[in-house]
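See structure below.
Protein chains get the first letters and strands the later ones, always in sequence-line order, with residue 1 at the start of each.
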There are 2 protein chains.
Amino acid sequence: MITIKDIAGLAGVSKSTVSRVLTGTGYVNDETREKIEKVIKENSYEPSESARSLPKRITNTIGVVVPEIDNSFYTEVLNGISQVVDQNNFNIIYFNTNNSLAKEEKALQMLKAQRVRGVILAPAVDYSEPEATKKLKLLLEKINAPVVLLDRDIDGISLDKVVYDNFGSAFAATEALIKAGNKTVGIITGDLNLKHARGRYEGYLEAMKQYNIPVIEKYVLHGDFMADTAYSLAWKMYEQRDIPDGIISCNNRTTLGFLRATRERKMKLGREIAFVGIDHIDVLDIIDYKYSHVTRDTVEMGRATMQLLMDRIKNPLKMNTVQIVPYKLVLKGTELRK
Amino acid sequence: MITIKDIAGLAGVSKSTVSRVLTGTGYVNDETREKIEKVIKENSYEPSESARSLPKRITNTIGVVVPEIDNSFYTEVLNGISQVVDQNNFNIIYFNTNNSLAKEEKALQMLKAQRVRGVILAPAVDYSEPEATKKLKLLLEKINAPVVLLDRDIDGISLDKVVYDNFGSAFAATEALIKAGNKTVGIITGDLNLKHARGRYEGYLEAMKQYNIPVIEKYVLHGDFMADTAYSLAWKMYEQRDIPDGIISCNNRTTLGFLRATRERKMKLGREIAFVGIDHIDVLDIIDYKYSHVTRDTVEMGRATMQLLMDRIKNPLKMNTVQIVPYKLVLKGTELRK
DNA sequence: TTGAAAGCGCTAACAT
DNA sequence: ATGTTAGCGCTTTCAA
């Protein structure tokens, strides 16, 4: 493998001069520069990043940690992130934690070993216990690089954050059903141990309260954000032939489960049952399988997160900012009944 | 930032001894080891990967280059890759080329700068011209690490490869339609400038030939693997009210476009038109939106690719292997007509 | 079993 | 404008 020393030799100059053209700093005669650049080209020399970052004690690598890459939400976010990264000559070192705390800890440790320049973290778990949060804080501190929290907020941790208006999105979904004239409104919740699931549930409750609609216990289906669970819950509800006028579903997967049960039971969306989901599902959009939903611009969310990280890197002393990603209500008719 | 020197100082030993426990090589007294490990723990010291890889001139990083992360196929493959990576204490440095040759070249260059241990490359473009292939070869050679080609094969390049039986999959799809009694069979092709699109087209042609079914030009819809194009093509076909008994679609996106047109025109799949697609679409499976298709185990494909790379890293001299991923025919009834 | 010393490929003062 | 030198944080001979 060819090194800076080789280039220096071939160009008849010292390593420092080569280094100067490499880094673009300091004075170097135009002729010398050209000569050196020529030699670099000819030998397709590429300086080693490890060697470069050692004296600088800094890398150009960004760590990205996501909990579930098989969720299209994170795919889209990752897409947005990599768009911004591309423009800035950074690298992404990427981890999928599979919602496992252990994997997340390992990922953060590796990120520390890599001396990354910054980290984007979409937490694997709900850090609800102060103990766990404290431990995470310690881990993050030791990474010694700015961290931006993505999607899943953690209380009592002061960082730059890009989070969703969970409460508002569920409120809007519920409100849409109520305004469409539905007298009873149910919900398929996420795992209420998770903060964002609770936020959405509370948004639902608040809308019901404001519009004076009673919350009927049997129409509150306690799910866990998984399609299969939502499917069973919805199926059971249909089987009992006791269904609310309308129902909201708390994420893309619960919506899929619900839609499946609804298809199988041959219930007509927007006629026999009104429905508004939280999250869009791209593929269904494409095949024109319409349902009303509240959504967010996920790719933009990724871009914004990365941008926030870049800003923080450039200006380490700036105040923490929390960006609340707005929701968007998209009505396709399924919020109606008949 | 705490270094090996600090640890040595705190443990009252030399850097070399600390290094020995870090690398797990050479002799070191049990007591000394324990002492050192204790100090490491207490200070949550994590050796710098840059510094480690410099004297070793080798990293534990794997470069992964994919052309389109918004395609669920690559998401699933990436998932498989990261599963294997996790088990081996490697890191993934990740690039999305967006099907751009320029971005791919840049990615490979950065991978070289990183001195990665190996590369998984799903090419951005069809290297059909010898010139382009030659250039790529040069680039890859300079990376100086094993490369495994994923999904999109390149002629005249001798590497480990994991590719799909494109011909076979299209043959099987077509055959399924023929065996189901369809007398005329059409196809929505991919971009025929691309090798795998041609492979699939040829699979279709061969099946037609073997079963003595004439290929009717107007039923060959020349697409480009994009949903929108497939949508327009299918829409136009329906509008002209001249449709084949059955039709195959060459990837997940063309299938989406086709399904959308079919929905909008209120044509009944499996009754008014028979259909078999290449690729599965997870989400449609989940909502029980059934259609017959040929598919492959994409997550396993990722795992296999990474495994191949690991094997190559362990044994640099072994012969190149080309793994042909088998297809699987899944009949759901839409291969029929009426 | 441990330590001293050289060196990995760069950058960044400091001289000249 | 260029070269010399020291050093980044490790690993790895080589001695002891």
Side-chain angles (χ1 to χ4, degrees), chain A residues 1-37 39-40 43-61 110 112-117 142-145, chain B residues 1-37 39-40 43-61 89 91 110 112-117 142-145:
Chain A
M1 184 110 308
I2 178 159
T3 74
I4 195 173
K5 199 177 154 191
D6 303 322
I7 299 296
L10 291 168
V13 296
S14 76
K15 288 191 301 173
S16 345
T17 311
V18 178
S19 177
R20 274 185 209 104
V21 347
L22 250 30
T23 55
T25 60
Y27 299 92
V28 39
N29 186 30
D30 282 352
E31 282 179 37
T32 324
R33 156 169 290 117
E34 278 166 32
K35 169 85 183 177
I36 293 174
E37 279 168 350
V39 176
I40 289 179
N43 296 273
S44 58
Y45 162 69
E46 192 76 36
S48 151
E49 277 301 328
S50 313
R52 293 191 97 162
S53 52
L54 194 46
K56 291 200 296 194
R57 262 158 298 180
I58 193 79
T59 65
N60 283 321
T61 304
M110 293 183 105
K112 183 184 177 209
Q114 293 288 341
R115 306 292 190 263
V116 288
R117 190 71 165 277
K142 289 183 312 197
I143 287 185
N144 209 22
Chain B
M1 183 107 310
I2 177 159
T3 74
I4 195 174
K5 198 178 155 192
D6 303 322
I7 299 296
L10 291 168
V13 295
S14 75
K15 291 190 299 173
S16 338
T17 310
V18 177
S19 177
R20 274 185 209 105
V21 346
L22 251 30
T23 56
T25 61
Y27 299 91
V28 38
N29 184 29
D30 282 350
E31 283 180 37
T32 325
R33 157 169 289 116
E34 278 165 32
K35 169 84 184 176
I36 293 174
E37 278 168 350
V39 175
I40 289 179
N43 296 273
S44 58
Y45 163 69
E46 193 76 36
S48 151
E49 277 301 328
S50 312
R52 295 192 96 161
S53 52
L54 194 46
K56 290 200 296 193
R57 262 159 298 181
I58 193 77
T59 65
N60 283 321
T61 304
N89 261 51
N91 293 312
M110 293 183 106
K112 184 186 177 206
Q114 293 288 339
R115 306 291 190 265
V116 288
R117 190 71 164 279
K142 287 183 313 198
I143 286 184
N144 209 22

If you look at every strand shown and take non-hydrogen atoms under 4.0 Å, does [X] touch a base, only sugar-phosphate, or nothing?
| X | result |
| --- | --- |
| A:K15 | base |
| B:S19 | base |
| B:T25 | nothing |
| B:S16 | base |

Exercise. Which distance, rounded to the nearest 0.5 Å, do you find between the CG of A:N43 and the CG of A:L10?
Worked result: 5.5 Å

For this session: Could you list by number each residue of residues 43-60 of chain B showing a heavy-atom separation from DNA chain C of less than 4.0 Å, or answer none if no residue does?
Result: B:L54, B:P55, B:R57

For this session: Give the C-alpha distance, both sets of side-chain angles, the deciding distance and a yes or no for side-chain contact (heavy atoms from CB on, under 4.5 Å) between B:L22 and B:Y45.
Result: CA-CA 11 Å; B:L22 251 30; B:Y45 163 69; 3.9 Å; yes

For atom [atom1] of [X] and atom [atom2] of [N], their distance in whole Å:
| X | N | atom1 | atom2 | answer |
| --- | --- | --- | --- | --- |
| A:I7 | C:dT11 | CD1 | P | 13 Å |
| A:M1 | C:dG9 | CE | P | 10 Å |
| A:I4 | C:dA12 | CD1 | P | 11 Å |
| B:I40 | D:dC10 | CD1 | P | 10 Å |
| B:Y27 | D:dA16 | OH | C1' | 16 Å |
| B:I36 | C:dT1 | CD1 | P | 13 Å |
| B:D30 | C:dT1 | CG | P | 8 Å |

Exercise. Are A:M1 and B:R115 side-chain neighbours, meaning at least one heavy-atom pair lies under 4.5 Å?
Worked result: yes

Problem set entry | Heavy-atom check, side chain of B:V13 versus side chain of B:T32, under 4.5 Å | yes

Phosphate contact ([N] OP1 or OP2) by [X] side-chain N/O below 4.0 Å:
| X | N | answer |
| --- | --- | --- |
| B:T17 | C:dG3 | yes |
| B:T32 | C:dT2 | yes |
| B:T3 | D:dG9 | no |

Problem set entry | side chain to side chain donor-acceptor pair (under 3.5 Å) against B:S53, all qualifying residues, sequence neighbours excluded | A:S50

Exercise. For DNA chain D, whose closest nucleotide is more 5', that of B:I2 or that of A:R33?
Worked result: A:R33

For this session: Tell me which nucleotide among C:dC14, D:dA1, C:dT2 gets nearest to the side chain of A:R20.
Result: C:dC14

Exercise. Is there a donor-acceptor pair under 3.5 Å between the side chain of B:R117 and the backbone N or O of B:T59?
Worked result: yes

For this session: Indicate yes or no for a side-chain donor-acceptor contact from A:S19 to the backbone of A:K15 under 3.5 Å, with no hydrogens or angles considered.
Result: no

